[in-house]
Amino acid sequence: MELRLYNTLTKEKEVFQPLDPARVRMYVCGPTVYDFAHIGNARPVIVFDVLYRLLRHLYGEGKVKYVRNITDVDDKINARAAEEYPKLLLNEAIRLVTEKTEKQFHDDVDALGCLRPDVEPRATEHINEMRDLIERLVKAGFAYVGEEHVLFEVGKMADYGKLARRSLDEMEAGARVEVAPYKRNPMDFVLWKPSKPNEPGWPSPAGIKTPGRPGWHIECSAMSWKHLGETFDIHGGGIDLVFPHHENEIAQSRCAFHTPIMAKTWMHNGFLQVEGEKMSKSLGNFVTIRELLATKKFGDREWTGDVIRLSMLKTHYRQPLDWTVAALNESYSVINGWRRHLTSGGDYTMAFIEQNREQYETFLPAQDVVSSLLDDLNFSQAISALHKLARIDSVEAKQALFGSLQFLGILTFEEMASEQSFEELPISKEMLKARIAARNLARENKDWKKSDEIRDELKAMGVVIKDNKDGTTSWEIAR
RNA sequence: GGCCACGUGGCGGAGUGGUUACGUAGCGGACUGCAAAUCCGCGUACCCGAGUUCGAUUCUCGGCGUGGCCUCCA
């Protein structure tokens, strides 16, 4: 079976063939670290995590190199740093903000079941590569200096606009921005700009005396070059990055290296809305990953990483996705069902799984799940395959389901086998067992009134009682 | 204004030129002391109009609606 991926560059699904199967290379645009990541930021992280897992499955774990950058030089970072640490030197404040935010980001996406990329380069650690690129572009005539800025001259690149499928004429006609006086063409973009005295700055390229800082796009060209080479296989990100960010990355990299491509395959995930509306701070529907995980702000309850991840994967990655409480509730039901199915009966109790963890971690994904993903990451069909597996009550089917869930990163081992938490319940585990015993005694005496009273009492505390067919009684924490 | 996506059953969401995906909610039944869980069954959907076709939800054109980009927002 071959992997087929939709390529924004050609607008077609293409058979994916890595430039070098022994070294499959993927770059994804990562976060700008100044605040908690929101749920829209989580989508590309999860989508490309699934692709990373699939590539590792196909080519081998050591054969795939996944690079996701961390943007730590940006006006928003500067503003946040000055706001939070007004008494510190700006550079010190920036360091504190970016380090703290990076930690938050990692904690959040770890909780969503995402593997760490192989490299997470920081922009500020690649200033030399950026300067190098800029020098090459100036030397080759693709860039020029104007008022201490270095600008990329879009008219010098024949293919400019190919990714976004826009001609320069169209873009200029639609432009609504005031054009800076130092630009030769309104669409020329900044590679390097002078720093104000209180801003972070580095020695400038192209003979500029004033210290400066990089433009937005150059960092990704520099970091992908450093860690993946002049050309590589896959470049991903949100669809809003197609223009101008990715278009400009392509311009920089291709013109600096004189190559026909930067990345072979360009992939973009669709946009996310919240309850049918654009997510924005002004609408008050802005929701961060952390708020979903650790507060009751969205849907009046906390959500596990599994539920968030499944909700993200229910929709094909290129489709628009509406983030709703209803969808999270549905994911919760589905995951609960799978967990129940996997841990019910015979050898599949929680305790047994815990004891045999090593063996369980070796279970492979079902072929139907993998082949669904091979078709441009058809998540919906993969999940459909999971549902079909979950209807079969056999050891083989359960192993395949477990293996598939682990492969997709949905039901992680920890979330699968962990004891349900009593922390938030107004009853201890020992007390619960005593009440269940009391109820079963009442049932033996056919004292249904008392039996039902105890069940209602426990239900009010959030514990659902189930009398199984084999005469045992089990319980589950209700939501 | 320019460019580009998307519009499927109560809800979510794949897919296909003709043959009921899947899930979730709901309803009915089995099981149960009653429940829960589970199992079985049920709904007969594809924005509107025109065209192509023997036949369109699927292709083409137009319309309407929603969203994205053109403003360093994934």
Side-chain angles (χ1 to χ4, degrees), chain A residues 8 11 28-32 37-48 71 73-76 161 164-167 169-178 186-187 189-190 193 214-219 236-245 247-248 268-273 276-281 286 310-311 313-316 318-322 324 326-334 336-337 340-341 344-345 372 375 378-388 390-391 393 442-443 446-449 451-452 455-456 459 464-469 473-476 478:
Chain A
T8 307
K11 284 197 148 191
V28 175
C29 289
T32 301
H38 59 67
I39 191 60
N41 300 122
R43 192 171 190 192
V45 176
I46 292 173
V47 164
F48 291 104
T71 298
V73 50
D74 178 276
D75 285 341
K76 290 191 293 292
R165 293 183 178 257
R166 266 175 239 218
S167 69
D169 291 345
E170 284 168 5
M171 288 188 271
E172 284 170 35
R176 296 182 297 189
V177 216
E178 203 176 322
M187 298 312 296
F189 60 91
V190 171
K193 55 193 168 187
W216 176 33
H217 316 294
I218 195 71
E219 61 171 270
I239 196 167
D240 58 317
L241 292 181
V242 172
F243 193 89
H245 186 53
E247 191 72 57
N248 291 351
H268 296 95
N269 61 273
F271 223 68
L272 179 145
Q273 286 180 274
E277 288 185 306
K278 183 184 167 83
M279 179 167 64
S280 71
K281 282 179 177 161
F286 199 86
L310 177 61
S311 298
L313 295 180
K314 275 196 301 202
T315 303
H316 183 88
R318 283 192 279 121
Q319 293 286 92
L321 167 59
D322 194 9
T324 63
L328 286 168
N329 274 319
E330 188 178 313
S331 300
Y332 178 89
S333 299
V334 168
N336 234 14
R340 216 155 24 215
H341 175 71
S344 69
S372 297
D375 182 17
N378 193 328
F379 299 150
S380 309
Q381 275 192 350
I383 291 168
S384 173
L386 296 179
H387 286 304
K388 285 172 183 165
R391 282 205 303 238
D393 190 19
R443 289 173 66 220
K446 300 203 187 303
D447 185 353
W448 310 126
K449 185 165 177 288
S451 162
D452 290 350
R455 186 168 63 197
D456 290 345
K459 188 176 183 184
V464 177
I465 293 302
K466 301 188 290 187
D467 299 323
N468 302 314
K469 266 190 169 177
T473 297
S474 56
W475 55 271
E476 190 172 279

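None of the values given here were measured: they were computed from a predicted structure. Hydrogens, waters and symmetry mates play no part in the numbers below; they use all other heavy atoms, side chains included. Labels below follow one simple rule: chain letters A, B, ... track the order of the sequence lines, proteins then strands, and each chain is numbered from 1.
Looking at residues two or more places apart in sequence or on another chain, you find a side-chain contact (heavy atoms from CB on, under 4.5 Å) between A/Pro44 and A/Phe48, A/Asn269. Evaluation of the side-chain contact (heavy atoms from CB on, under 4.5 Å) rule for A/Ile465 yields A/Ile436, A/Arg439, A/Arg455, A/Leu458, A/Val463, A/Asp467, A/Thr473, A/Trp475 as partners, not counting sequence neighbours. Partners of A/Phe189 according to the ring-ring contact (aromatic ring centres under 6.0 Å, His included) rule, which considers only residues two or more places apart in sequence or in another chain, are A/Phe152, A/His217. Qualifying side-chain contact (heavy atoms from CB on, under 4.5 Å) partners for A/Lys446, counting only residues two or more places apart in sequence or in other chains: A/Trp448. When the salt bridge (Lys or Arg N to Asp or Glu O under 4.0 Å) test is applied to A/Arg43, no partner is found at least two apart in sequence or on another chain. Among residues two or more places apart in sequence or in another chain, the side-chain hydrogen bond (donor to acceptor under 3.5 Å, both in side chains) test is passed with A/Asp322 by none. Listed by chain and number, the residues in a side-chain contact (heavy atoms from CB on, under 4.5 Å) with A/Lys466 are A/Arg340, A/Asn468, A/Ser474, A/Glu476 (sequence neighbours excluded).
Annotation for A/Val334 and A/His387: closest pair CG1-CE1, 3.6 Å, computed over non-hydrogen atoms.
A donor-acceptor pair is defined here as one N or O able to donate and one able to accept, closer than 3.5 Å; no such pair exists between the side chain of A/Lys76 and the backbone of A/Thr32. Not a single donor-acceptor pair under 3.5 Å links the side chain of A/Ser380 to the backbone N or O of A/Thr315.
Only the C1' atoms considered, B/U57 is 13 Å distant from B/A14, to the nearest whole Å. Taking atom C1' in both B/G65 and B/G49, one finds a spacing of 15 Å when rounded to whole Å. Atom C1' of B/U60 sits at a distance of 34 Å from the matching atom of B/A74, rounded to the whole Å. With P as the reference atom, B/G18 and B/A5 are 24 Å apart, rounded to whole Å. Nucleotides B/U20 and B/A45 have their P atoms positioned 12 Å apart, rounded to a whole Å. B/G15 sits 33 Å from B/C73 when the C1' atoms are compared, rounded to a whole Å. B/G63 sits 23 Å from B/C69 when the P atoms are compared, rounded to a whole Å. One C1' atom belongs to B/C64, the other to B/C47, and the distance between them is 8 Å to the nearest Å.
Shown here, B/U38 forms a base pair with B/A30; the pair counts as Watson-Crick or G-U wobble because both key distances fall under 3.5 Å. Pair assignment for B/A25 gives none, since no Watson-Crick or G-U wobble pairing has each distance under 3.5 Å. In this structure B/C3 sits in a base pair with B/G68, meeting the Watson-Crick or G-U test at under 3.5 Å. Pair check for B/A14 finds none; no Watson-Crick or G-U wobble contact set falls under 3.5 Å. Base pairing of B/C59: its partner is B/G51, meeting the Watson-Crick or G-U wobble criterion (both donor-acceptor distances under 3.5 Å).
An aromatic stack links A/Phe271 and the base of B/A74, using centre distance under 5.5 Å and interplanar angle under 30°.
If you measure from atom CZ of A/Phe286 to atom C1' of B/A74, you get 11 Å, rounded to the nearest angstrom. Residue A/Lys76 contributes atom NZ, which lies 6 Å from atom P of B/A74 at whole-angstrom precision. Computed from coordinates, the A/Tyr332 OH to B/A25 P distance equals 12 Å when rounded to whole Å. Atom CG of A/Leu241 is separated from atom C1' of B/U71 by 14 Å (rounded to the nearest Å). Distance CG (A/Asn329) to P (B/G26): 12 Å, rounded to an integer number of Å. When the P atom of B/C73 is taken as reference, atom NE2 of A/His217 falls 10 Å away, rounded to whole Å. Nucleotide B/C3 holds its P atom 21 Å from the NE2 atom of A/His268, rounded to whole Å. Between A/Asp240 atom CG and B/C6 atom P the separation is 17 Å, expressed in whole Å.
Judged by distance alone, with hydrogens and angles left aside, A/Arg455 brings a side-chain donor or acceptor within reach of the base of B/A35, the pair sitting under 3.5 Å.
Proximity of A/Lys388 to the phosphate of B/C22: no side-chain N or O atom is located under 4.0 Å from OP1 or OP2.
Here the straight-line distance linking atom CZ of A/Arg165 with atom OG1 of A/Thr8 works out to 9.5 Å at 0.5 Å rounding.
Ranked by how close their nearest RNA chain B nucleotide is to the 5' end, A/Ile383 and A/Lys11 are led by A/Lys11.
A/Leu386 comes within contact range of no nucleotide atom at all, as no heavy-atom separation falls under 4.0 Å. A/Ser331 comes within 4.0 angstrom of no nucleic acid atom, judged by non-hydrogen atoms across all strands. Within 4.0 Å (heavy atoms only), A/Arg443 reaches at least one base atom of the nucleic acid.
The side chain of A/Val334 approaches B/U24 more closely than any other nucleotide in the set B/U24, B/C70, B/A74. Taking every side-chain heavy atom of A/His387 into account, B/G23 is the closest of B/A21, B/G23, B/G67.
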Short N/O separations, protein against nucleotides 36-46 of chain B, under 3.5 angstrom:
| residue | atom | partner | partner atom | Å |
| --- | --- | --- | --- | --- |
| B/A36 | N1 | A/Asp467 | O | 3.4 |

Next on the checklist: Show, in sequence, the C-alpha distance, side-chain angles and deciding distance for A/Met279 and A/Phe286, and conclude whether the side-chain contact (heavy atoms from CB on, under 4.5 Å) test is met.
Outcome noted: CA-CA 5 Å; A/Met279 179 167 64; A/Phe286 199 86; 3.9 Å; yes

Item to check | Annotated protein contacts, base or backbone, on nucleotides 10-16 of chain B with a non-hydrogen cut-off under 4.0 Å, one of B, S, - each | outcome: ---SSS-

